[in-house]
*Asks:* 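Below is one structure. I have some questions about it.
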Amino acid sequence: MGLRPSGVPAVMTSPTPTPSARGLHVITWGCQMNVYDSARMGDVLRPLGYQPVDTPDNADMIILNTCHIRDRAAEKVFSELGRLRLIKEARKAHGQNTVIAVAGCVAQAEGQEILARAPYVDIVLGPQTYHRLPEMVARAARAGGAVIETDFPAEQKFDFLPDTQAPQTPGNHTAFLTIQEGCDKFCSFCVVPYTRGAESSRSVASVLAEARRMAATGVQDISLLGQNVNAYHGEGPDGTIWSLAQLAYALADIPGLSRIRYTTSHPRDMDDTLIAAHRDLPQLMPFLHLPVQSGSDRILKAMNRGHTADDYRDIVRRLRDARPDMALSSDFIVGHPGETDADFEATMQLVHDVGFALAYSFKYSPRPGTPAAGAGMQVPEYVKDARLQALQQVLRAQQDAFNATLVGRSVPVLFTSRGRKPGQITGRSPWLQPIHVTGPETLIGQELSVHVTERLTNSLGGVLEERKVYA
Ligand code: SAM
Ligand code: SF4
């Protein structure tokens, strides 16, 4: 998906460092943007001698990069911190110091509360300040007390970050690249405008330079990231403000970048130029994560989404006119305050009308400080449960049906890793499904044509075809 919220920790891993180096272990929760941020924190700390290590047990510094989008996010952080405290104490007993840093959106939202409840934490930093990490590490060491940096600084962190260094995926054929951050849309249910701050875009020059560096190291499939990525408005080399569409045309000129994706988009910012770019650029993948949240105009209004269900249907129609193989993915929230059975039926109708290839659906969960949390007419939990189950059943059937349409067809697959079974390699289709084939590892990094033969639970199986898609 786009900015996939998940409770599944993704961890930066690599071999144990040489004794002179310092070990860094980053635990990442939440969306792809956090994955990108974790890699960049590694870049920032590398000049200080920090090298990634596999486990927190032999790390001189542990960063917990947190996500605030779900219920009980803070409690999960405190529970994880309890585990890290034991590691810190065990290492201390052997004369080893461990710096614990809490980063990301929970750090931004909870700030001082983290230090009050977990005084063994050394650094608390928000998503906009991690370019200052080296200085924070030094301050924490000097002061022997905790450092907290959760302001929204005047400077743009991207102007102060070193060049990207760390491969984000094995083999480095796919990568995330953050181009835009923050949000000014203030949906009723969402914490992002409060934790990530106002919308801001990186300059075109800095995005293109990073994309060229990635392509030079073998990246072929690039995902541009932003909380509202299609609201991108970066300063262009000519001094004018460039849109995401203009940026996409420039990225498509970079040799080696054969697949360009962007996520997460807002329906309000899906303009004609971006839709035209999907028509013109084969590199723009025919798979778009475009969250709609609800199919009821009443609820969309209460959510402050700024569009109707028919606006969404119209965008999908224009996208499919421009690119007939376009598949859609979405996010849904059931049980927003005030949602009636009729509103929920409108959501089911929209799902039926659009037909999604993939979707993420959530029960509304009140986030402190957001308008919906204090609203009346909260929907009982048992009603949310029933609606979520009904919605997920239909969405799962649509996902299966979409995957089934590929069986018997030839699709281009960019191979990125070994498969789970011996002798297998795995790659992604343009629509992001994992596809497994029997083949040698030497094909990893190549985009090849695969004849899809079977639909598996969350992936597809196929056989390699003779015809090569890209060099
Ligand atoms: N910017 C994107 C957009 O406009 O749709 C999504 C951002 S949010 C990080 C990812 C998803 O989490 C949202 O699309 C929404 O479905 C879900 N979400 C956010 N706040 C939520 C809440 N309070 N309760 C349940 N789901 C929520
Ligand atoms: Fe949150 Fe809405 Fe902004 Fe998306 S558009 S990040 S859901 S406030």
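Residue numbers run from 1 in the order of the sequence given. What's counted below: heavy atoms across the whole structure, side chains too, no hydrogens, waters or symmetry copies. Remember, it's 1-based here, ligands and their atoms both numbered in the order they're listed.
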*Asks:* With rounding to the nearest 0.5 angstrom, report the OG to CG distance, Ser329 to Leu358.
*Replies:* 4.5 Å
*Asks:* Can a cation-pi geometry be assigned to Arg40 and Tyr130, taking NZ or CZ under 6.0 Å from the six-membered ring centre and within 45° of the ring axis?
*Replies:* no
*Asks:* For the pair Asp343 (side chain) and Thr340 (backbone), establish whether a donor and an acceptor sit closer than 3.5 Å, ignoring hydrogens and angles.
*Replies:* yes
*Asks:* So, Arg259 and Glu447, do they make that salt bridge, N to O below 4.0 Å?
*Replies:* yes
*Asks:* With a 4.0 Å heavy-atom cut-off (strictly under), which part of Arg367 contacts ligand 1: side chain, backbone, both or neither?
*Replies:* side chain
*Asks:* At what distance, to the nearest 0.5 angstrom, does CG of Leu388 lie from CZ of Phe344?
*Replies:* 8.0 Å
*Asks:* Consider ligand 2: state whether an atom of it lies below 4.0 angstrom from any non-hydrogen atom of Arg305.
*Replies:* yes
*Asks:* Under a 4.0 Å threshold between the charged nitrogen and the carboxylate oxygen, would Glu381 count as salt-bridged to Lys363?
*Replies:* yes
*Asks:* Using heavy-atom distances only, which candidate in Val192, Asp184, Asn228 approaches atom 5 (S) of ligand 2 most closely?
*Replies:* Asn228
*Asks:* Give me the nearest non-hydrogen protein atom to atom 1 (Fe) of ligand 2 as residue plus atom name, then the distance to 0.1 Å.
*Replies:* Cys190 SG, 2.3 Å
*Asks:* Measure Arg305 to ligand 1 on non-hydrogen atoms and call it side chain, backbone, both or neither using the 4.0 Å cut-off.
*Replies:* side chain
*Asks:* Just jot down the ligand 1 atoms closer than 4.0 angstrom to any heavy atom of His266, in number order.
*Replies:* 4 (O)
*Asks:* For Pro193, counting its heavy atoms only, list the atoms of ligand 2 lying under 4.0 Å from any of them.
*Replies:* 8 (S)
*Asks:* If the cut-off is 4.0 Å to any non-hydrogen atom of Lys363, which atoms of ligand 1 fall inside it?
*Replies:* 24 (N), 25 (C)
*Asks:* Which ligand 1 atoms does Pro291 reach within 4.0 Å, using its non-hydrogen atoms?
*Replies:* 5 (O)
*Asks:* Check this for me - ligand 1, Gln293, N or O atoms closer than 3.5 angstrom, yes or no?
*Replies:* yes
*Asks:* Cys31: heavy atom below 4.0 Å from ligand 1, yes or no?
*Replies:* no
*Asks:* Please verify the inter-ring angle class for Tyr262 with His278; under 30° counts as parallel, over 60° as perpendicular, anything in between as tilted.
*Replies:* tilted
*Asks:* For Phe186, take its heavy atoms, then give the atoms of ligand 2 lying under 4.0 Å from any of them.
*Replies:* 8 (S)
*Asks:* Under 30°, 30 to 60°, or over 60°: which ring-plane class applies to Phe356 and Phe332, parallel, tilted or perpendicular?
*Replies:* perpendicular
*Asks:* Quick one: which ligand 2 atoms are inside 4.0 Å of a heavy atom on Phe189?
*Replies:* 7 (S)
*Asks:* Which of these, Lys384, Arg298, Arg387, sits in a salt bridge (Lys or Arg N to Asp or Glu O under 4.0 Å) with Glu339?
*Replies:* Arg387
*Asks:* Numbering the atoms of ligand 2 from 1, which are under 4.0 Å from a heavy atom of His266?
*Replies:* 5 (S)
*Asks:* Please determine whether a side-chain nitrogen of the Lys or Arg among Asp325 and Arg323 lies less than 4.0 Å from a carboxylate oxygen of the Asp or Glu.
*Replies:* yes
*Asks:* State, with a plain yes or no, whether a side-chain heavy atom of Leu456 is found less than 4.5 Å away from one of His436.
*Replies:* yes
*Asks:* Do any of the N/O/S atoms of Cys187, backbone or side chain, fall under 2.8 Å from atom 2 (Fe) of ligand 2?
*Replies:* yes
*Asks:* Could you check atom 3 (Fe) of ligand 2 against the protein and tell me its nearest heavy-atom contact, residue, atom and distance included?
*Replies:* Cys183 SG, 2.2 Å
*Asks:* Geometry only, no angles: is Tyr364 polar-contacting ligand 1 at N/O separations under 3.5 Å?
*Replies:* no
*Asks:* Okay, side chain of Asp297, backbone of Ala309: is any donor-acceptor separation there less than 3.5 Å?
*Replies:* yes
*Asks:* Measure from atom 24 (N) of ligand 1 to every heavy atom in Ala372, Ser365, Cys67 and give the option owning the shortest one.
*Replies:* Ser365
*Asks:* N/O of Phe189 under 3.5 Å from N/O of ligand 1, yes or no?
*Replies:* yes
*Asks:* Show me which atoms of ligand 1 lie under 4.0 Å from any heavy atom of Thr264.
*Replies:* 2 (C)
